[in-house]
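Contents: one structure, followed by commentary.
Whatever order the structure lists them in is the order used to number ligands and atoms, beginning at 1.
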Amino acid sequence: TQHVVIIGAGIVGTNLADELVSRGWKNITVVEQGPLHMPGGSTSHAPGLVFQVNASKTMTQLARYTVEKFKSLEKDGQNCFNQLGGLEVATTPERLEELKRKHGYASSWGIEARLITAEECFEKYPLLNKELVLGGLHIPNDGLALAARATQLLIERTSKAGVRYLGLTPVTGIEQGDRGVTGVITANGMIPADIVISCAGFWGVEVGAMIGLTIPLVPLAHQYAKTTSVPALAGRSVNSLQNGMNASMPILRHQDQDLYYREHGDQYGIGYYGHRPMPVNAASLGVTSKDVDEKNMPSRLDFTWEDFEPAWEETKRLLPVLQDCEISDGFNGVFSFTPDGGPIVGQAPHLNGFYVAEAVWVTHSAGVARAVAEVLTTGSSQIDITECDLSRFEEVQLTQTYISETSQQNFVEVYDIIHPLQPKESPRNLRTSPFYARQRELGAYFLEVGGWEIPYWYESNAELVKYLPAAWQPVKRDTWAARYYSPIAAAEAWKMRNAVAMYDMASFHRFQVTGPGAVQLLQRLCTSDVTAKPGSIIYTLLLNNNGGIRSDIFVARLADSLFQIGANSTTDLAYLTSEAARQSQQNPSQWVQARDITGSTCCIGLWGPRSRDVINEVSADDFSNKGLPYFSVKRVTIAGVPVTAMRKSYIGELGWELHASAEYGQHLWAALWKAGHPHGLIAAGRSAFNSLRLEKGYRIWGTDIRTEHDPYEAGVGSAITADKKEDYVGKAALQRRYQDAVPSPSRRLRCLTVEDRRSVLLGKEPIFHKNKAVGYVTSAGFGYTIGKPIAYGWLPSDVQQGEAVEIEYFGRRIKARVTVEPLYDSQMRRLYD
Ligand code: FAD
């Protein structure tokens with residue numbers, strides 16, 4: 001069996017050892033630089049509050065499993081979770097609204113939660129200042145994780161099962177061979193390993209550096225303080241490992257002031273995120289001594305009282321009983337922050353067998369550990385962890401400047417109310433397309449995605465709103481749905497459907513797959529047959545070995561051994577490159593290479609019923625149905641520059657994606673713009689685009705569909721070539737799942753329209769059927785062509801087309817109906833003719 005070495009015996013490393021050993025893996029060694037009874041990392045002082053509900057389904061699921069596991073982790077009749085419930089209070093109207101949204105997430109992800117009045121908050125938490133609180137969200141299954149105790153119980157349990165623990169043993173290097181990792185180097189010698197998982201917490205950066213791997217996290221100090229004993233809690237004792245049990249009120253969050261609270265026997269614990277970011281260099285903390293104790297550990301820095309003062313004043317206002325207390329003990333505790341707030345999990349792109357699981361809260365620890373164990377033992381995890389994947393960061397997001405700035409900003413915003421479309425304020429303008437200068441002239445409103453500046457609409461189209469036919473007039477939106485939105489999008493959609501528009505597609509991921517083994521690689525990874533002759537385009541899926549959709553891609557065959565891939569993310573690139581490298585190594589005559597060409601190329605989507613009039617003015621090539629049929633590709637010349645034209649459209653109109661080398665971009669834009677003028681051409685932004693693609697029913701991977709879904713549930717079964725002879729990843733699993741000729745999944749991605757014709761949803765809202773939460777919205781928007789808001793969402797299959805459902809939005813129920821899809825041009829006439 002394989003030798004596994006886990007670096008770090010914090011809550012993540014010990015849970016991982018446990019998850020692996022319980023799956024039958026042997027030969028596991030956990031190497032820890034600190035003493036095992038108290039390793040001295042973030043876990044050793046973590047107060048362990050577990051608030052499960054998160055806007056992210058993944059994070060909520062990871063937390064739910066952690067709660068279940070800690071509840072079952074028992075010794076001497078006591079487990080490791082005190083299910084006191086969680087209470088989040090609102091002291092501002094904005095927070096009260098945010099809690100309503102959060103209640104929606106809870107229902108969507110299946111966590112019991114209740115919005116409660118100020119009076120009920122006070123009943124559940126009598127120490128609150130009634131004057132301040134406007135209402136709250138109560139989550140009965142939240143509570144306190146006894147993280148330090150859990151770590152010790154896990155060490156005990158896994159040691160009995162054969163896991164070897166080496167305390168006071170810093171890892172100083174990683175050994176590598178031709179095929180990947182071969183061992184870890186410690187002061188006491190080399191430990192052989194086939195698989196190494198770094199669970200080094202905020203030391204992850206240092207361990208990553210041992211193999212030249214950038215780990216995008218920043219260790220930051222976060223203040224935590226305990227009060228002197230509180231008269232109202234008098235008489236309670238505290239036992240350090242079990243101190244979470246001596247509490248009676250829910251764990252409490254006061255996010256308007258960046259504060260959270262728990263009880264420690266007769267004392268209060270106060271956590272504060274309102275202070276300045278305090279970055280720490282883990283390497284500067286030195287070697288963990290063997291004399292770690294509660295007051296002396298590397299992750300515990302001196303308290304800076306001046307940073308805490310506002311928190312203490314606010315705390316005495318919220319909890320007036322503390323007015324007679326003082327702070328008895330405080331510290332600046334170190335843990336990891338990342339550019340997007342998510343954990344960092346996955347395999348190093350360039351070193352086989354080396355994995356990381358870092359920047360993980362106690363809240364998600366067991367969930368992450370289980371997911372990693374599943375990936376190692378079966379190849380994929382039941383909870384989709386793509387959003388945690390190490391490979392999710394774009395190259396520009398891995399510079400030290402970016403990591404440092406955005407991770408610190410993430411600390412600042414950790415409790416803020418963030419709109420789903422809210423862009424970063426900084427850094428901006430890192431990636432701009434060749435059309436950027438023209439877009440600015442046209443008054444583009446930019447949002448940032450993956451470092452790119454993306455135009456959402458153009459002020460130059462504002463005039464058009466006046467001319468919109470009555471049926472196209474946009475509805476007035478509530479203040480939340482009106483953020484990062486302009487009615488100009490309606491005018492842009494109208495033009496796209498009735499004349500012609502051009503759209504900047506430069507930021508869409510484009511890869512090239514080349515080499516004699518290109519066909520073999522794609523045949524092995526894709527659900528469709530990609531062997532069609534050069535000039536064809538195929539929409540296909542990449543599955544994981546569980547039959548779940550790991551991505552959906554477009555494969556354009558440019559030549560026998562040259563493919564251009566339209567993909568979703570850098571994670572797709574990491575997958576294709578690592579699979580290509582593996583194949584090339586195993587079979588050199590079938591070598592193949594996948595590379596990113598996104599930045600070196602650009603793309604304009606030219607779409608609309610009059611797009612052919614425009615293109616014919618600037619190109620002598622044949623753009624007729626015969627010359628370039630739907631879903632085909634060819635090299636053309638447009639206004640004197642070489643272009644790869646692909647006949648396809650994400651918005652459901654006649655037109656092409658025009659791909660060119662980046663240096664031709666400005667010229668291409670200018671030529672199309674000039675030629676298009678007489679035909680009513682406009683530039684349109686992503687806001688209109690999102691609406692038009694919803695009308696057309698095109699799914700977005702990561703939002704509508706994820707690895708937890710299979711192609712039939714997701715409504716993309718047509719991307720599977722039924723008689724494909726070659727085996728491909730996920731084929732067997734899918735066949736096992738559906739033995740019948742006509743797959744009948746138990747849940748489906750459905751299209752819904754909103755009955756009141758005006759409530760625009762934003763995604764993630766729960767869907768109720770017969771008064772029971774049975775599903776959730778994935779993406780939503782206003783369908784300008786059909787004059788109604790649209791939502792896509794997951795529902796059990798027995799909720800049939802035509803049935804009425806309700807969607808919860810800000811605590812209100814909105815009527816919607818499951819409809820036949822697509823809502824626009826189901827005959828595909830606009831695309832084919
Ligand atoms: P750690 O516990 O830091 O473990 C990593 C281990 O790796 C360490 O023991 C370290 O010694 C070892 N190691 C590192 N490098 C090496 C090496 N080269 N060789 C050998 N060993 C090595 N989370 C919550 O969910 N809820 C909360 O309420 C909460 N409150 C917090 C309050 C404070 C003040 C702080 C600081 C954090 C809080 N957190 C909370 C976050 C949480 O504590 C951490 O995210 C979590 O403990 C991280 O666990 P870990 O196992 O990844 O890291």
Q) Would you say ligand 1 has an N or O under 3.5 Å from any N or O of T43? A) yes

Using the rule given for side-chain hydrogen bond (donor to acceptor under 3.5 Å, both in side chains), can you reason through Q409 versus E413, listing the C-alpha separation, both sets of side-chain angles and the distance that settles it, and then say yes or no?
CA-CA 6 Å; Q409 185 60 21; E413 291 175 357; 2.8 Å; yes

In ligand 1, the atoms that come under 4.0 Å of a heavy atom of G8 are 6 (C), 7 (O), 12 (C)

In this structure, atom 3 (O) of ligand 1 is nearest to the protein heavy atom S42 N, 2.8 Å

Non-hydrogen side-chain atoms of I139 and V53 separated by less than 4.5 Å = yes

Note: ligand 1 atoms sitting under 4.0 Å from heavy atoms of C199 are 5 (C), 6 (C), 7 (O)

Atom 43 (O) of ligand 1 has as its nearest protein heavy atom A46 CB, 3.3 Å

Per-atom filter on ligand 1: closer than 4.0 angstrom to a heavy atom of G333 are 36 (C)

I11, any N or O under 3.5 Å of ligand 1 N or O = yes

Per-atom filter on ligand 1: closer than 4.0 angstrom to a heavy atom of V31 are 20 (C), 21 (N)

Under 4.0 Å between heavy atoms, the region of A357 that gets near ligand 1 turns out to be neither

The option among N15, V360, L301 carrying the non-hydrogen atom nearest to atom 48 (C) of ligand 1 is V360

The option among W203, W361, Y273 carrying the non-hydrogen atom nearest to atom 14 (C) of ligand 1 is W203

Checking heavy atoms under 4.0 Å, the part of Y260 that sits near ligand 1 is side chain

Rounded to the nearest 0.5 angstrom, the CG-CG distance for L351 and L213 is 8.5 Å

Under 4.0 Å between heavy atoms, the region of V334 that gets near ligand 1 turns out to be backbone

Within the 4.0 Å heavy-atom cut-off, what V50 brings close to ligand 1 is neither

Value for CG (N332) from CG (D307), rounded to nearest 0.5 Å, stands at 7.0 Å

Could you tell me whether R253 sits above the aromatic face of Y261, with NZ or CZ closer than 6.0 angstrom to the six-membered ring centre and within 45 degrees of the axis?
-> no

Query raised in the report: Charged N to carboxylate O under 4.0 angstrom, K226 versus D329?
Result: no

Taking the non-hydrogen atoms of P47, is any one of them nearer than 4.0 angstrom to ligand 1?
yes

Check your understanding: Would you say the ring centroid of H222 lies under 6.0 angstrom from that of F308?
Key -> no

V12 heavy atoms within 4.0 Å reach ligand 1 at atoms 50 (P), 51 (O), 52 (O)

- Task: Report yes if the distance between the aromatic ring centroids of H254 and Y260 is under 6.0 Å, otherwise no.
- Result: no

protein heavy-atom neighbour closest to atom 18 (N) of ligand 1 works out as V171 O, 3.1 Å

min-distance protein heavy atom vs atom 21 (N) of ligand 1 -> Q33 N, 3.0 Å

**Message:** Side chain or backbone, does P170 bring an N or O within less than 3.5 Å of an N or O on ligand 1?
**Reply:** no

Min side-chain heavy-atom separation L154-N15 under 4.5 Å
yes

re atom 35 (C) of ligand 1, the protein heavy-atom contact at minimum distance is F335 CD2, 3.4 Å

Atoms of ligand 1 under 4.0 Å from any heavy atom of A200, numbered from 1 in the order shown, are 5 (C), 7 (O), 14 (C), 15 (N)

If you scan protein heavy atoms around atom 28 (O) of ligand 1, the nearest is L49 N, 2.9 Å

Please check whether T363 reaches ligand 1 - meaning an N/O of the residue sits under 3.5 Å from an N/O of the ligand, judged on distance alone.
yes

Quick one: does atom 40 (C) of ligand 1 have a protein heavy atom under 4.0 Å from it? no

Of L220, L259, D416, D258, the one forming a side-chain contact (heavy atoms from CB on, under 4.5 Å) with Y273 is D258

Whether the E88 and H138 side chains hold a donor-acceptor pair (N or O, under 3.5 Å, no angle test) is what I'd like checked.
no

**Report entry** Heavy-atom side-chain contact between S365 and F70 under 4.5 Å
**Finding:** yes

Heavy-atom proximity to atom 8 (C) of ligand 1 ranks first, among H45, Q223, E32, for E32

Original post:
G271 near ligand 1, heavy-atom distance under 4.0 Å?
Top reply: no

Looking only at protein heavy atoms, what sits closest to atom 34 (C) of ligand 1 is H222 CD2, 3.4 Å

Q) How about W203 and L217: do any of their side-chain heavy atoms sit closer than 4.5 Å? A) no

Measure the acute angle between the ring planes of W109 and Y105, then classify it against the limits of 30° and 60° as parallel, tilted or perpendicular.
-> parallel

| Non-hydrogen side-chain atoms of I197 and L16 separated by less than 4.5 Å | yes

Taking only non-hydrogen atoms of T169 and a 4.0 Å limit, the atoms of ligand 1 in range are 20 (C)

With heavy atoms and a 4.0 Å threshold, my read on which part of T186 contacts ligand 1 is neither

Parallel, tilted or perpendicular: which describes the rings of F337 and F411, with under 30° parallel and over 60° perpendicular? perpendicular

The protein heavy atom nearest to atom 53 (O) of ligand 1 is G201 CA, 3.6 Å

In ligand 1, the atoms that come under 4.0 Å of a heavy atom of G10 are 2 (O), 4 (O), 51 (O)

Should E708 and K57 count as an ion pair when the cut-off is N to O under 4.0 Å? yes

So NE2 of H275 and CD of E309: to nearest 0.5 Å the spacing works out to 14.0 Å

